[in-house]
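Working notes, structure below.
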Amino acid sequence: MSGVLQQALSKVLGSRTSGSLAKLGLETVEDLLRHYPRRYGVPGELTDMGALAMGEHVTVMAQVRSTTVRPMRSRGGAMLEAIVTDGRDTLQLTFFAKRTGVLRMHEDKLRAGRTGLFTGTVGDYRGRRQLVHPDYLIVGLDAADEQEATLEASRPIPLYPAAASVPTWRIGRSVRTVLDPLTEADVPDPIPQALRELHGLPTLLEALRGVHVPDDQDHIKRSQARLKYEEALVLQTALARRRADRESHSAVPRVAVTGGLLDAFDARLPFALTDGQVTVGREISADLERPMPMLRLLQGDVGSGKTVVALRAMLAVVDAGGQAALLAPTEVLAAQHERTLRDLLGPLAEGGTLGGAQMATRVALLTGSQGSVRKRQGLAEAASGAAGIVVGTHALLSETVQFADLGLVVVDEQHRFGVEQRDQLRARGKSVPHTLVMTATPIPRTVAMTVFGDLETSVLTERPAGRAETVTHVVPADNSAWMSRIWQRVREEVDAGRRAYVVCPRIEGDQPEDDAEPDPVGDDASVPQTPATDAPTLDIPEAPAVPTRQPLEAVVDVAERLRGLPAMAGIDIGVMHGRLTADQKDAAMAAFAAGTTPILVSTTVIEVGVDVTQASTMVVLDAEHFGVSQLHQLRGRVGRGSEPGLCLLVSHAQEGSSSLERLTAVASTSDGFALAEKDLELRREGDVLGAAQSGGRNSLRLLRVVRDAEVLATAREDARVLIDADAALEKAPALAEAIGAWLGEREDFLERA
Ligand code: ADP
Ligand code: MG
């Protein structure tokens, strides 16, 4: 479809203007109209000048107090000085010119008593704050007549996300140029009329007028609410359609049998299943018995016992004649899973051998780095069906690995099992395997609804009985007495036969960043992600989330330093990071587990799933560098036995900083879900879904996952009804179009789901 909205801005605006708008990523009429004001200035409400910080790029609403033009004796030429005020503090505007003529033009506009918007970088001149050559807009000056000027002075003035090269009012003017002539017919509305009427919402055109040329605050609110709902509806309809599509595929039902492997396994389990494990097990087996592919997300805090749940599902599938694949995010974890499964299964994993139980199956491990003999054996067992369970990394889904009858794929510790992998599964054969995705990163309901709207979710809330809690403390890095006490404590733990992790954000001092593991969803607090178009125009800028302090602690250096400490005399210290080969990692893990190197200095490669029961203590250095859920994950590595764990978050975070607040939150609760909610509260909204949701042209602009939970829920219901009645959205072409545009750009965003 190519209507007015799709027209290139270069066709409707001057080339200079469209050129600078292109720098903001605005290419079409619709791009510009969807470039909503970030906030509004009210001519009667002046900006608090006292809060302006030196060096900040600002847009302020202020009143001109005085303007003077004078020649400059020393340099020749002339200068204009205007003093603007918020009624209390003042700010100086300074313009220089060769001749006074140019300055007279400014002088004429900057008359005392007038109100305007002034944009520039706050500088300092003899202790006074000033803007040199600011861009500005005098309220009412361009109005055709007195009446229009009065109207302009009474209306909220949109302040746009702008850049130094395109001031906010130039954007505003461009918006007016394209918006003013539009009619309803030019602006197809993605919200079907019936829904618009049901919720009493304005049309898209009305809403665009309301945000760009508002009459008053109420007008803005109504319009924004509509645009928010539209975003939610597009998102939820996309998810509903995906889900309907999935349900149209067929899968082989895997019906549980009695007296099989699963029963035998339950009988030899040394502990009783928790209620949660039983419930989730039932949910999964009900899914498995259906002729359509399961896609279920199992959330369970660290240590909640997801592995057993997964194994029981896998055994049910094997009982039903199929195979199961368990995918881990790293080779270390794959190898560990294989060992765990073998331990749990005992003789039930010894199929085809003398010691094996009668109904036993086999567990095969397939990783990229294993020897060719083992690999060939694993491939053969997967292809013949001799291995009921095949463990590996995502490479297992590659075409070279053949399965006799793959019935279930379990993806561990991964919430980025996205569309591409799902397509890969689909491409494997006529029927799609059932899929269970497991994650220890608790996902608040609202986020789950937004990001995982097409998945079923199960939650394991309680932890198995008898597991001790981990105690967490925040320790200031600058306190050397505390620091030596920490290493002393680590020593005591080691002497008592236990182990300690020391986690650092980097690998080596002279290397830039750790390339280790992908972060869990949205766990990016260390990198404030501000899209380029966001930088200027905020009157009062937010403090950056994390003050950058160089250099950050690095594995290699810290290991060296610890080796030199008297407290560590006689203790071997291991290292672990993403740049080691798989063999080296395995060796490092094994040496740590065995106690040969009872202290392991590591990056976050140990983050997910690693299970060493004797590990009692974790020291996280530069802890403020990590996100809340990442820290929670990390700390889950200790206190896995019956001894309580100890986690020490060492940090340079300042008193009262948001970094410290995040660390304190981690220390104050061990409930992952409470923490995830807290994290959402503390985090800047835009970080919740990661960078992908800000910036792009069709991204979520106004919708906020936490704050707008209700809008999301409503839209979700509406989307379901729409798709049930009209899966192809034939009766809602504008909505289908919007989804297409959204998905085109957002694919990577859902990918991360
Ligand atoms: P996670 O959910 O973090 O993957 P695991 O599956 O690794 O947790 O389980 C953590 C530990 O708890 C394992 O040692 C496991 O054997 C044990 N476990 C699992 N379920 C129970 C249970 N019902 N009772 C006691 N211990 C359990
Ligand atoms: Mg696990």
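Every number for a ligand or one of its atoms is a count from 1 in the order of the listing. Predicted, not measured: the structure shown is a model, and the values here were computed from it. One is the number of the first residue; the rest follow in order along the sequence. Excluded from the calculations below are hydrogen atoms, water molecules and symmetry mates; all remaining heavy atoms, backbone and side chain alike, are included.
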Check residues 612-621 and write down every donor-acceptor pair under 3.5 Å in which the side-chain atom is one partner and the other belongs to a residue at least two apart or another chain.
from	atom 1	to	atom 2	distance (Å)
S616	OG	E493	OE1	2.6

Handout entry: Proximity of Q277 to ligand 1 by residue part, where a heavy atom lies under 4.0 Å
Key = side chain

Exercise for the section: Could you walk me through whether T393 and E331 pass the side chain to side chain donor-acceptor pair (under 3.5 Å) test, one step at a time? Expected result: CA-CA 6 Å; T393 62; E331 298 201 347; 5.2 Å; no

Exercise for the section: Below 4.0 angstrom from a heavy atom of S304, which ligand 1 atoms are there? Numbered from 1 as shown, please. Expected result: 2 (O), 8 (O)

Completion exercise
Per-atom filter on ligand 1: closer than 4.0 angstrom to a heavy atom of T274 are 23 (N)

Practice task
For L273, counting its heavy atoms only, list the atoms of ligand 1 lying under 4.0 Å from any of them.
Solution key: 23 (N)

Handout entry: Short N or O distance, A272 and ligand 1, threshold 3.5 Å exclusive
Key = yes

Handout entry: Exceeds 12 heavy-atom contacts within 6.0 angstrom, atom CZ of R268
Key = yes

Give the table of side-chain donor-acceptor pairs shorter than 3.5 Å for residues 310-322, with sequence neighbours excluded, one pair per line with atom names and distance.
from	atom 1	to	atom 2	distance (Å)
R312	NE	D266	OD1	2.9
R312	NH2	D266	OD2	3.0
D319	OD1	L261	N	2.6
D319	OD2	L261	N	3.2
D319	OD2	L262	N	3.0

Problem - Side-chain donor or acceptor of Q584 paired with backbone N/O of T581 under 3.5 Å - result: yes

Fill in the blank from the handout: Note: T307, heavy atoms under 4.0 Å from ligand 1, region reported as both

